[in-house]
Participant: 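Below you will find the structure I want to go over with you.
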Amino acid sequence: MAQAQPNIALIKYWGKRQTKFNLPAVGSLSVTLDSLWTRTRVQFNSDLEKDEFHLNGQLDSIRYQRVSQCLDLMRRRANVSYCAAVVSENNFPTEAGLASSASGFAALVLAGSKALGLDLTDAELSEIARQSSGSAARSIFGGFVEMEPGHRKDGSDTIAHPLIGPEEWPLHVVVAITSDRTKIVGSTEGMQRTSLSSPYYQAWIQNHAPDIEAAKRAITSHDFDALADISEYNCLKMHGLALSTRPALIYWNGATVECMNCVRGLRASGTAAFFTIDAGPQVKVICEPSETQEIMDALRGIPGVLRVLNSRIGQGARLI
Ligand code: PMV
C-alpha cells in the first residue's frame, strides 16, 4: 500500500501548454502536507475483465476513467495488459479544494508501479503522476517542492524536484474548511476556460517566472515575510485570472474572504502567517508553529468556517 499527501501550491500552476501529456504553461512551487493523506492499494489480476476502483469503501464511477487511464500509463511501461483492482481511502474531503487529486494520483502511481514490479525513480514517478494531475507530480516529494514547466514536447523535462526537506523549515499549515461540497468547475476545465477567454492570460504566463524565483530565494533563506508577500500576491493573481474568465470562476464564498481578511489582520499585528487558496473555497494558512493555536482560534470564530485542521509539512509518497 502507498501513502501520499496533498500539497498546497504557494506559486500556482494555472494553464496548460499542451493537453496531450498534460504539460503546465507555468512552473509552480508547493509544500507537501503531513496529516491529510490518501492510501491506495493496487492489485493487478489477469482474471479481471476491467479495472475496478473503490474510494472510501464505495465503487467510484465518477473518477473511474481517470484512474484507469493512469493505470494504462504504467501498463504501457511494464508492457502488460492485466486489469487492476484499486482500493483508495482519503482521510479528508475529496475534490473540495484540498488537493485530493494530487495525493490520489501520487499514491496510485507509486502503488501501481510497485505492483507491476517497475522500479522507477522519483523523477519517473513524478512524470507519470503529472500526466494524470499536474499537481500530483509535486506530491511524490516532501517539504518544499518545485515543478518545472519544461520545454520538451514529450514532457520528459516537466517534472517536480524537492527544494528543502520538511524538517529544514518546519512551518505549519492551518486549513479552514468553509464548504464540504465538491468543486463546481474542476481545474482542467477552469484552466481551459481561462486560456480561451481571459484577457490577462498571456500576462499571467509572462510574469510568472519572477514569482518562482522570489519564492525560491525566500525558501532557501527561510525569509518568512518574503515568502508571505510573494505567495499571497501570486495566489490573488491566479484568482484575479479566474475572475476575469468568461464565464467567471469564483472559487470563494463569503467565509473564504473573511478568512483572508482575518489572516491579513493577524499579520499586520505581528503574527507570522499568510494565506493561500486553490481552486476551491478552503483557506490554507502557512505559519510558524508557535502561532498555530492563535490562528486556529481566530479562524474558528469566523461565521461559515465549518472546521479547522492543522498540519505539519510532510514527506513525499512512500510505501507503508
Ligand atoms: O493539478 P490540478 O489539475 O488539480 O490543478 C491544480 C491547480 C491549483 O491547485 C489551483 C494550483 C496548483 O498549483 O496546485
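Start at 1 and go down the list; that is how both ligands and their atoms are numbered. Side chains are part of it too, since the values below use all heavy atoms of this structure and drop only hydrogens, waters and symmetry mates.
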Participant: In terms of atom number and element, which parts of ligand 1 are under 4.0 angstrom from non-hydrogen atoms of Gly134?
Facilitator: 1 (O)

Participant: State the atoms of ligand 1, each with its element, that fall below the 4.0 Å cut-off from a heavy-atom position in Asp278.
Facilitator: 8 (C), 9 (O), 10 (C), 11 (C)

Participant: Which ligand 1 atoms, with their elements, are less than 4.0 angstrom from a heavy-atom of Ala9?
Facilitator: 12 (C), 13 (O), 14 (O)

Participant: Looking only at heavy atoms, is any part of Ser101 under 4.0 Å from ligand 1, and if so is it the side chain, the backbone, or both, or is it neither?
Facilitator: side chain

Participant: Out of all atoms in ligand 1, which are within 4.0 Å of some heavy atom of Ser133? Include the element for each.
Facilitator: 1 (O), 2 (P), 4 (O)

Participant: What atoms of ligand 1 come closer than 4.0 angstrom to any heavy atom of Ser187?
Facilitator: 2 (P), 3 (O), 4 (O), 5 (O)

Participant: Is a salt bridge present between Asp180 and Arg307, judged by a nitrogen-to-oxygen distance below 4.0 Å?
Facilitator: yes

Participant: Give a yes or no on whether Glu288 atom CD has more than 12 heavy-atom contacts from other residues, nucleotides or ligands under 6.0 Å away.
Facilitator: yes

Participant: Does the structure place the NZ or CZ of Lys50 under 6.0 Å from the centre of the six-membered ring of Tyr64, at an angle of no more than 45° from the ring's axis?
Facilitator: yes

Participant: Step through the shown structure and confirm whether more than 12 heavy atoms of other residues, nucleotides or ligands are within 6.0 Å of CZ on Arg246.
Facilitator: no

Participant: Can you tell whether the side chains of Lys12 and Asp278 come within less than 4.0 Å, N to carboxylate O?
Facilitator: yes

Participant: Using a 4.0 Å heavy-atom cut-off, say whether Arg138 meets ligand 1 through its side chain, its backbone, both or neither.
Facilitator: side chain

Participant: Determine whether any heavy atom of Met191 lies closer than 4.0 Å to an atom of ligand 1.
Facilitator: yes

Participant: Does a salt bridge link Glu146 with Arg138, judged by any charged N lying under 4.0 Å from a carboxylate O?
Facilitator: no

Participant: Does Ser68 have any side-chain hydrogen bond (donor to acceptor under 3.5 Å, both in side chains) partners at least two apart in sequence or in another chain, and if so, which?
Facilitator: Asp51

Participant: Using side chain to side chain contact (heavy atoms under 4.5 Å, CB included) as the criterion, list what pairs up with Arg77, not counting sequence neighbours.
Facilitator: Leu118, Leu120, Glu124, Glu127, Ile128

Participant: Should you measure from each heavy atom of Ala279, which atoms of ligand 1 turn up under 4.0 Å away?
Facilitator: 10 (C)

Participant: Counting each atom of ligand 1 from 1 as listed, which ones have a heavy atom of Trp14 under 4.0 Å away?
Facilitator: 10 (C)

Participant: Short N/O distance, under 3.5 Å, between Ser135 and ligand 1?
Facilitator: yes

